[in-house]
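Structure first, commentary second.
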Amino acid sequence: MADKHHFTHRPSISGPFTWESAGDFEDIVYEKGTPETDTAGIARITINRPEVRNAFRPTTVTEMIRAIDDARDDPSVGCVVLTGAGDKAFCSGGDQRIRGEHGYVEMEGDAPTGMQRLNVLDFQTRIRTIPKPVIAAVNGWAVGGGHVLHVVCDLTIASDNARFMQTGPKVGSFDAGYGTTHLARIVGQKKAREIWFLARDYSAQEAIDMGLVNTVVPLAELEREYVQWSREILQNSNIAIRMLKAAANADEDGGAGLQQLAGYATMLFYMTEEGQEGKKAYAEKRKPNFDADGYRP
Ligand code: S0N
């Protein structure tokens, strides 16, 4: 007999969970779940610089952008997880050893390579605009620009050893974009100002109490938890989720947010008979019949 309560069903998952490499990178590990297993449909980006608590340098960010762009374009991926290597940090923000005069700059010997700029902002924008949920799996410190990364993600699952901190005013930096405005949407204006002005660190329990994260689990269960959340997401309508994410973004992102939502509305319109009729009539050099279904109320 069909399960009449299928809508309350949570898929049960069983580890161990396996992942397949999705490319060669220097600073990150990019993987996709194994087809036909519980990780199928999930892409996982792991910042892999544990010796500096997973601080990012321009190369790290460029690689994360390549990975998330791949996840966006891959129709077998419905959900992305962002995490850090090891058990001490998710990400400690910009690599302070290579902070230059107006951005982060890598060196080859004594010579700077590439432009000095904050390319992490481009990655933040990708997290917002990919029409698939991005889950931050915070497995230790989330600090500075690393804290902002989890703030920008759609959901945050934290391990019980996670700690959260914006150090900006202590180290001469700030993120006055999503790192402030979206944070305030999440935890409220008073709390967001406290987080930035005092630059204190907060425990996983304090984070959940202020609504900064979605759930907290023991570190050993973090992978199981984000695979479980991903599986539940993946069994739901991806178009519904795309539209919901775009609507939540549009509320904050002004014209850029509306552009995303409007683009998806156009995509849906293309998928209708009425949308297709316009294209067909043009190709067949005839007058289109747009009102076949009448004029909807
Ligand atoms: C993360 C912390 C709290 C961990 O403490 P713990 O566990 O005691 O470890 P440590 O012994 O301190 O660290 C281990 C090794 O890792 C190095 N390290 C840690 N973090 C960094 C880092 N961010 N850059 C470079 N190295 C790092 C340590 O130096 C140590 O190395 P060794 O063993 O060789 O001594 C603690 O480590 C900590 O507080 N780290 C610094 C956190 C921080 O201040 N981060 C930078 C904050 N600013 C930004 O992230 C800028 C953000 C940004 O890019 C941006 C974005 C948008 C708009 C503006 C900006 C902007 O630039 O402002």
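Note that these values count all heavy atoms, side chains included, but never hydrogens, waters or copies made by symmetry.
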Between Val152 and Val61, is there shared hydrophobic-cluster membership here, with clusters defined by ILVMFWY side-chain heavy atoms closer than 4.5 Å? yes
If we only count heavy atoms from C-beta on, is the Val80 to Ile42 side-chain gap below 4.5 Å? no
Pair Asp95-Arg53, salt bridge (Lys or Arg N to Asp or Glu O under 4.0 Å): steps then yes or no: CA-CA 10 Å; Asp95 188 329; Arg53 299 292 186 263; over 6 Å; no
Should Asp251 and Arg185 count as an ion pair when the cut-off is N to O under 4.0 Å? yes
Say whether Leu155 and Leu234 are linked into one hydrophobic cluster, either directly or through other cluster members, by side-chain heavy-atom distances under 4.5 angstrom. yes
For Leu149 and Cys91, work out which heavy atoms get closest and say how close. CD1-SG, 4.4 Å
Would you call Lys132 and Asp154 a salt bridge, taking side-chain N to carboxylate O under 4.0 Å as the test? no
Thinking salt bridges, do Glu51 and Lys88 make one under a 4.0 Å N-O criterion? no
Assess whether salt bridge (Lys or Arg N to Asp or Glu O under 4.0 Å) is satisfied between Lys280 and Glu273, documenting all intermediate values. CA-CA 10 Å; Lys280 277 190 215 147; Glu273 272 183 36; over 6 Å; no
Measuring only between side-chain heavy atoms, which start at C-beta, is Arg57 closer than 4.5 Å to Asp27? yes
Applying side-chain hydrogen bond (donor to acceptor under 3.5 Å, both in side chains) to Gln259 and Asp253, what does each step give before you reach the verdict? CA-CA 9 Å; Gln259 191 215 27; Asp253 289 352; over 6 Å; no
Tell me, do Arg99 and Val105 make a side-chain contact under 4.5 Å, heavy atoms counted? no
Quick one: is the NZ or CZ of Arg49 closer than 6.0 Å to the six-membered ring centre of Phe56, and within 45° of its axis? no
Min side-chain heavy-atom separation Arg72-Pro131 under 4.5 Å: yes
Spacing of Glu277 atom CD and Lys279 atom NZ [to the nearest 0.5 Å]: 11.0 Å
Pair Asp74, Ser76 - check side-chain hydrogen bond (donor to acceptor under 3.5 Å, both in side chains), show working. CA-CA 5 Å; Asp74 184 343; Ser76 75; 2.8 Å; yes
Using every non-hydrogen atom in the two residues, find where Met210 and Val187 come nearest and quote the distance to one decimal. O-CG1, 3.5 Å
Does some side-chain heavy atom of His182 sit less than 4.5 Å from a side-chain heavy atom of Gln124? no
Least distance between heavy atoms, Ser230 atom then Cys79 atom: OG-SG, 3.6 Å
Taking atom CD1 of Ile130 and atom CG of Asp73, what is their separation to the nearest 0.5 Å? 8.5 Å
Looking at every non-hydrogen atom in both residues, tell me the closest pair between Ile127 and Cys153 and how far apart they are. CG2-CA, 3.8 Å
Is there a side-chain contact between Thr46 and Ile28 (heavy atoms, below 4.5 Å)? no
Using the rule side-chain contact (heavy atoms from CB on, under 4.5 Å), only one of Ile157, Ile13, Ile135 pairs with Glu225; which is it? Ile157
ILVMFWY network linking Tyr270 to Tyr282, side-chain heavy atoms under 4.5 angstrom: no
How many angstroms lie between CZ in Phe17 and OG1 in Thr39, if you round to the nearest 0.5 Å? 8.5 Å
Take atom CZ of Phe269 as the centre, draw a 6.0 Å sphere, and report whether it contains more than 12 heavy atoms from other residues, nucleotides or ligands. yes
With clusters defined by side-chain heavy atoms of hydrophobic residues (ILVMFWY) lying less than 4.5 Å apart, directly or transitively, does Ile186 cluster with Trp229? no
Gln228 and Arg231 side chains, donor-acceptor separation under 3.5 Å: no
Crowded around Glu274 CD? As in, over 12 foreign heavy atoms under 6.0 Å? yes
In Å and rounded to the nearest 0.5 Å, what is the CG to CD1 distance from Asn54 to Ile47? 6.0 Å
Would you compute the distance between atom OG1 of Thr37 and atom CD of Glu20 and round it to the nearest 0.5 angstrom? 8.0 Å
Please state whether the rings of Phe25 and Tyr30 are parallel, tilted or perpendicular, taking 30° and 60° as the class boundaries. perpendicular
Counting only heavy atoms from other residues, nucleotides and ligands, does the tally under 6.0 Å from CZ of Phe174 exceed 12? no
Report, as yes or no, whether the 6.0 Å neighbourhood of atom CD on Glu36 holds more than 12 heavy atoms from other residues, nucleotides or ligands. no
Could you give the distance from OH (Tyr226) to CD (Glu221), rounded to the nearest 0.5 Å? 13.5 Å
To check you understand the geometry: which heavy-atom pair defines the closest contact between Phe164 and Ala158, and what is its length? CZ-CB, 3.9 Å
For Glu63, is there an ion pair with Arg66 - N to carboxylate O distance below 4.0 angstrom? no
For residues 140-149, pull every pair meeting side-chain hydrogen bond (donor to acceptor under 3.5 Å, both in side chains), keeping only residues two or more places apart or in separate chains. His147-His150, His147-Gln166
Is it true that Val213 and Met165 fall in one hydrophobic cluster, defined by side-chain heavy atoms closer than 4.5 Å? no
Would you call Asp209-Lys191 a salt bridge at under 4.0 Å N-O? no
Shortest non-hydrogen separation from Leu212 to Val151 and the atoms involved: CD1-CG2, 4.3 Å
